[in-house]
Amino acid sequence: MELFVKYKLLIGVLVLIGICASIAFLMYWKRGSGKSFAFGRRQFHVPTDGVKKVVLENGMTLLMYRNTSQPKVVMQIGYNIGSYIEAEGERGLAHLLEHMIFKGTQKMSESDLDDIARKYGASYNAFTSMDTTAYYFEVDKNNWQPFLGIFSDCMQNARFDEQHLNSELKAVLQELKMNKDQYWNMMYQKICSALFPSNHPYHTPIIGYKEDL
């Protein structure tokens with residue numbers, strides 16, 4: 001049975017490589033002016049001309065784009081840092097820290113944040129990649145202003161309460177177990193491990209290892 005699973009995973013990795021190569025070829029072949037990409041019947045337009053860039057005095061870069069197709073505002077803040085910065089023995093730290101940022105500040109508890117989000121019909125989440133960690137709010141276009149202050153408070157004053165940290169550690173360990181049952185995640189990790197040597201920051205999984213966590 002173990003041999004069958006390994007064989008199945010290998011086939012999956014080869015299929016994923018083929019899919020990635022095909023998508024890359026289609027993007028190159030059908031990109032037209034360089035701003036539109038076609039996948040079958042669906043076409044995606046990258047609005048590079050409509051993005052406004054502003055650099056603040058403190059070095060923070062703002063990218064703003066107006067899209068009136070939906071009555072909502074999406075606010076996202078991203079940091080040019082992710083799992084690539086982790087040293088031996090601390091794999092998974094960036095992802096674990098990401099889990100803690102919306103767990104409350106001195107002014108606002110986690111339940112307060114949930115209550116405010118429900119009041120305004122907002123949703124919020126975060127993600128960690130190899131190179132980036134990002135947090136975002138998605139809210140109705142008429143109620144986005146209050147979330148600027150909430151965003152600032154969470155980014156600067158997250159409490160890192162020990163009880164919350166222990167709880168999120170358990171959640172991350174559960175994610176780690178679930179990843180082993182998701183073949184696409186396993187294939188992606190296998191590909192990265194095969195493409196990059198053991199001393200390369202992309203060799204290790206973003207979620208890290210149980211012993212390090």
Side-chain angles (χ1 to χ4, degrees), residues 51-67 70-179 185 201-202 204-213:
V51 177
K52 182 178 180 181
K53 179 180 179 180
V54 178
V55 180
L56 303 181
E57 292 182 358
N58 62 3
M60 184 177 184
T61 300
L62 302 181
L63 299 176
M64 294 170 285
Y65 174 70
R66 185 178 183 183
N67 183 346
Q70 297 186 49
K72 63 182 180 181
V73 173
V74 178
M75 296 171 285
Q76 177 173 297
I77 183 168
Y79 299 91
N80 293 327
I81 192 168
S83 62
Y84 81 92
I85 200 67
E86 297 166 349
E88 193 71 27
E90 56 185 30
R91 308 297 185 189
L93 178 60
H95 176 246
L96 178 60
L97 293 180
E98 172 233 301
H99 273 238
M100 296 300 299
I101 300 301
F102 287 140
K103 289 298 175 180
T105 67
Q106 296 298 328
K107 298 179 181 179
M108 174 182 58
S109 67
E110 180 185 12
S111 59
D112 291 335
L113 178 56
D114 289 338
D115 290 341
I116 296 172
R118 281 195 296 269
K119 176 181 177 180
Y120 291 106
S123 60
Y124 60 97
N125 212 328
F127 63 87
T128 303
S129 70
M130 292 176 175
D131 301 300
T132 305
T133 305
Y135 308 84
Y136 66 87
F137 281 95
E138 185 175 313
V139 66
D140 178 84
K141 68 176 184 178
N142 297 317
N143 297 312
W144 61 271
Q145 290 92 339
F147 291 93
L148 286 179
I150 293 174
F151 228 155
S152 176
D153 188 29
C154 290
M155 293 303 109
Q156 298 182 82
N157 304 311
R159 285 191 304 173
F160 289 89
D161 178 78
E162 184 176 356
Q163 183 177 356
H164 283 151
L165 181 59
N166 292 334
S167 175
E168 291 307 306
L169 177 58
K170 293 179 181 178
V172 171
L173 291 175
Q174 184 62 31
E175 285 183 36
L176 188 60
K177 293 179 181 179
M178 293 173 59
N179 274 354
N185 288 340
Y202 290 177
T204 56
I206 297 170
I207 198 170
Y209 301 119
K210 181 179 180 179
E211 57 269 24
D212 290 351
L213 292 167

Separation of [Y] [atom2] from [X] [atom1] (nearest 0.5 Å):
X	Y	atom1	atom2	answer
Thr105	Ile150	OG1	CD1	9.5 Å
Ile101	Asn157	CD1	CG	10.5 Å
Ile77	Thr61	CD1	OG1	11.0 Å
Ile206	Asn185	CD1	CG	9.5 Å
Gln174	Met178	CD	CE	6.5 Å

Do the side chains of Val139 and Met75 get nearer than 4.5 Å, heavy atoms only?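 They are in contact (side-chain heavy atoms under 4.5 Å apart), so the answer is yes.
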
Are side-chain heavy atoms of Lys72 and Asp140 found at a separation under 4.5 Å?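 Counting from C-beta outward, Lys72 and Asp140 never come under 4.5 Å.
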
If I compare all heavy atoms of [X] with all of [Y], which pair ends up nearest, and what's the gap?
X	Y	result
Leu213	Ile207	CD1-O, 3.8 Å
Phe102	Cys154	CD2-SG, 3.8 Å
Asn143	Pro146	O-CD, 3.4 Å

Could you pull out all residues at least two apart from Lys52 that satisfy side chain to side chain contact (heavy atoms under 4.5 Å, CB included)?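 Val54, Met64.
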
Would you please name every residue forming a side chain to side chain contact (heavy atoms under 4.5 Å, CB included) with Ser109, sequence neighbours left out? Ser111, Asp112

Tell me, yes or no, whether the heavy-atom count around [X] atom [atom1], taken from other residues, nucleotides or ligands under 6.0 Å, exceeds 12.
X	atom1	value
Met155	CE	yes
Gln145	CD	yes
Asn80	CG	no

For residues 87-94, tabulate all N or O donor-acceptor pairs below 3.5 Å that involve a side-chain atom, not counting sequence neighbours.
residue	atom	partner	partner atom	Å
Glu88	OE1	Arg91	NH2	3.3
Glu90	OE2	Ala87	N	2.9
Arg91	NH1	Glu86	O	2.6

Identify, with sequence neighbours excluded, every residue that meets ring pair (Phe, Tyr, Trp, His ring centres under 6.0 Å) alongside Phe147. Tyr120, Phe137

For residues 121-132, which residue pairs pass the side chain to side chain donor-acceptor pair (under 3.5 Å) check, not counting sequence neighbours? Glu98-Thr128, Asp114-Tyr124, Asp131-Tyr202

Within residues 155-179 or reaching into it, pairs that qualify as salt bridge (Lys or Arg N to Asp or Glu O under 4.0 Å) - sequence neighbours excluded: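 Non-adjacent pairs meeting salt bridge (Lys or Arg N to Asp or Glu O under 4.0 Å): Lys103-Glu168.
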
Check the angle between the aromatic planes of Tyr135 and Tyr79 and answer parallel, tilted or perpendicular using the 30° and 60° thresholds.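 Answer is perpendicular, since the angle exceeds 60°.
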
